[in-house]
There are 2 protein chains.
Amino acid sequence: MKQLQPEYTCAIDLVIDIIGGKWKVLILWNLNEGPKRFNELKRSMPEITQKMLTQQLKELQEHGLVSRTALGESHVEYATTDMGKKLQPVLFKMCR
Amino acid sequence: MKQLQPEYTCAIDLVIDIIGGKWKVLILWNLNEGPKRFNELKRSMPEITQKMLTQQLKELQEHGLVSRTALGESHVEYATTDMGKKLQPVLFKMCR
DNA sequence: CAGAATCCTGTACGATACTG
DNA sequence: CAGTATCGTACAGGATTCTG
C-alpha cells in the first residue's frame with residue numbers, strides 16, 4: 001500500500017494519486033450505498049469502460065480503499081474498506 | 001475564472017484541475033515566502049522547464065490564485081492572490 | 001459474470017532553440 | 001529577463017475483441 005514516504009514530497013501528490021483521475025471518486029460514490037458486483041457497478045456508471053473499471057478498482061484495492069471478495073464462481077463483490085469509509089465523508093462533503 | 005458550475009459534477013474534479021498536475025502546488029509553495037520574479041521562481045525549481053513554468057503560472061492566474069505584475073521592461077513579479085493565500089494553509093497543512 | 005488482451009488516440013509534459 | 005515556438009515522448013484513457 002502506498003504511504004506518504006518517501007516518493008511523495010507533498011501529501012497532495014498522494015491524494016491526487018489516490019483519488020485523482022477520472023473515475024475513482026465516482027466509484028467510491030457508487031460503493032457508498034453498499035457492496036456491489038462488478039457488472040452492477042458497470043451499470044451504475046454507463047460511460048466507464050470495462051478496462052477502466054477493472055483498472056481503477058485494482059488501484060483502489062492497492063490503496064486500501066476498496067475490498068474485493070469472491071463469493072462464487074462468477075460472483076465478485078466490491079465494497080469500501082474501513083479506510084474508504086473514513087475517506088468518503090471528506091470527499092462527499094465537497095460534492096453536491 | 002473557473003467556477004463550480006456547470007461542467008464539474010464533483011468539486012474534487014475542480015480541485016484537481018486547480019492544484020493538480022506536477023507543478024502547481026510547488027509553485028504556490030515557492031510563492032509562499034513572498035513575491036518572486038520569473039527567473040527567481042525558475043531557480044527555486046531547477047527541474048521545471050520554462051515552458052511548464054510559463055504555462056502553469058498562466059493557469060494559476062486564470063484560476064485567480066496568482067497575480068502577475070510588470071514592474072519594468074524586463075521585470076515581472078508573481079505573487080499569491082488573497083484567494084491563493086486562503087488556499088495555502090489548506091494545502092500546506094498536508095505537506096511536510 | 002468478471003474480467004484479460006490488443007490496439008489506438010489525446011494530451012500532459014519535456015527538450016531545445018529562438019526573441020523583444 | 002521573461003518569455004514563444006516547435007518538436008518529440010510517455011502515459012492515461014478509450015474501443016473492441018476474446019475467454020474461463
Touch class at under 4.0 angstrom, heavy-atom based, for B:G21 against every strand present: sugar-phosphate
Looking at [X], I'd like to know whether one of its side-chain N or O atoms comes within less than 4.0 Å of OP1 or OP2 on [N].
{"X": "B:K58", "N": "D:dT4", "answer": "yes"}
{"X": "B:R43", "N": "D:dA2", "answer": "no"}
{"X": "A:Y78", "N": "C:dG3", "answer": "yes"}
{"X": "A:K22", "N": "D:dG14", "answer": "yes"}

Any side-chain heavy-atom pair of A:Y78 and A:R68 under 4.5 Å: yes
Non-hydrogen side-chain atoms of B:H75 and B:E77 separated by less than 4.5 Å: yes
Considering only [options], which nucleotide approaches the side chain of [X] most closely?
{"X": "A:V76", "options": "D:dC1, C:dC13, C:dG3", "result": "C:dG3"}
{"X": "A:N39", "options": "D:dA15, C:dG14, C:dC1", "result": "C:dC1"}
{"X": "B:T54", "options": "D:dG3, C:dA2, D:dC1", "result": "D:dG3"}
{"X": "B:F38", "options": "C:dA2, D:dG3, C:dG14", "result": "D:dG3"}
{"X": "A:Q50", "options": "D:dA2, C:dG14, C:dA4", "result": "C:dA4"}

Whichever of A:T49 and B:R37 has its nearest DNA chain D nucleotide further upstream toward 5': B:R37
Of A:S74 and A:M52, the one whose closest DNA chain D nucleotide lies more 5': A:M52
Shortest non-hydrogen contact from B:N30 toward B:M45: ND2-CG, 3.5 Å
Non-hydrogen atoms of B:T80 and B:L28 that approach each other most closely: CG2-CD2, 4.1 Å
Whole angstrom is fine here: how far is it from [atom1] in [X] over to [atom2] in [N]?
{"X": "A:K51", "N": "C:dA4", "atom1": "NZ", "atom2": "C1'", "result": "11 Å"}
{"X": "B:I48", "N": "C:dA12", "atom1": "CD1", "atom2": "P", "result": "15 Å"}
{"X": "B:Q56", "N": "D:dG3", "atom1": "CD", "atom2": "P", "result": "14 Å"}
{"X": "A:L71", "N": "C:dA2", "atom1": "CG", "atom2": "P", "result": "10 Å"}
{"X": "B:L41", "N": "D:dC1", "atom1": "CG", "atom2": "C1'", "result": "13 Å"}
{"X": "B:K24", "N": "C:dC13", "atom1": "NZ", "atom2": "C1'", "result": "12 Å"}
{"X": "B:L26", "N": "C:dC13", "atom1": "CG", "atom2": "P", "result": "13 Å"}
{"X": "A:Q61", "N": "C:dA2", "atom1": "CD", "atom2": "P", "result": "14 Å"}

Whether over 12 other heavy atoms sit under 6.0 Å from B:K85 NZ: yes
Derivation and outcome, side chain to side chain contact (heavy atoms under 4.5 Å, CB included), residues A:W23 and A:E59: CA-CA 11 Å; A:W23 299 111; A:E59 289 182 29; over 6 Å; no
Working for side chain to side chain contact (heavy atoms under 4.5 Å, CB included), residues B:Q50 and B:K42: CA-CA 7 Å; B:Q50 285 193 335; B:K42 177 86 182 63; 3.8 Å; yes
Derivation and outcome, side chain to side chain contact (heavy atoms under 4.5 Å, CB included), residues A:L53 and A:F38: CA-CA 8 Å; A:L53 183 53; A:F38 184 86; 3.9 Å; yes
Angle between terminal axes - the helix from C:dC1-D:dG20 to C:dG20-D:dC1, 5 pairs each end, rounded to 10°: 50°
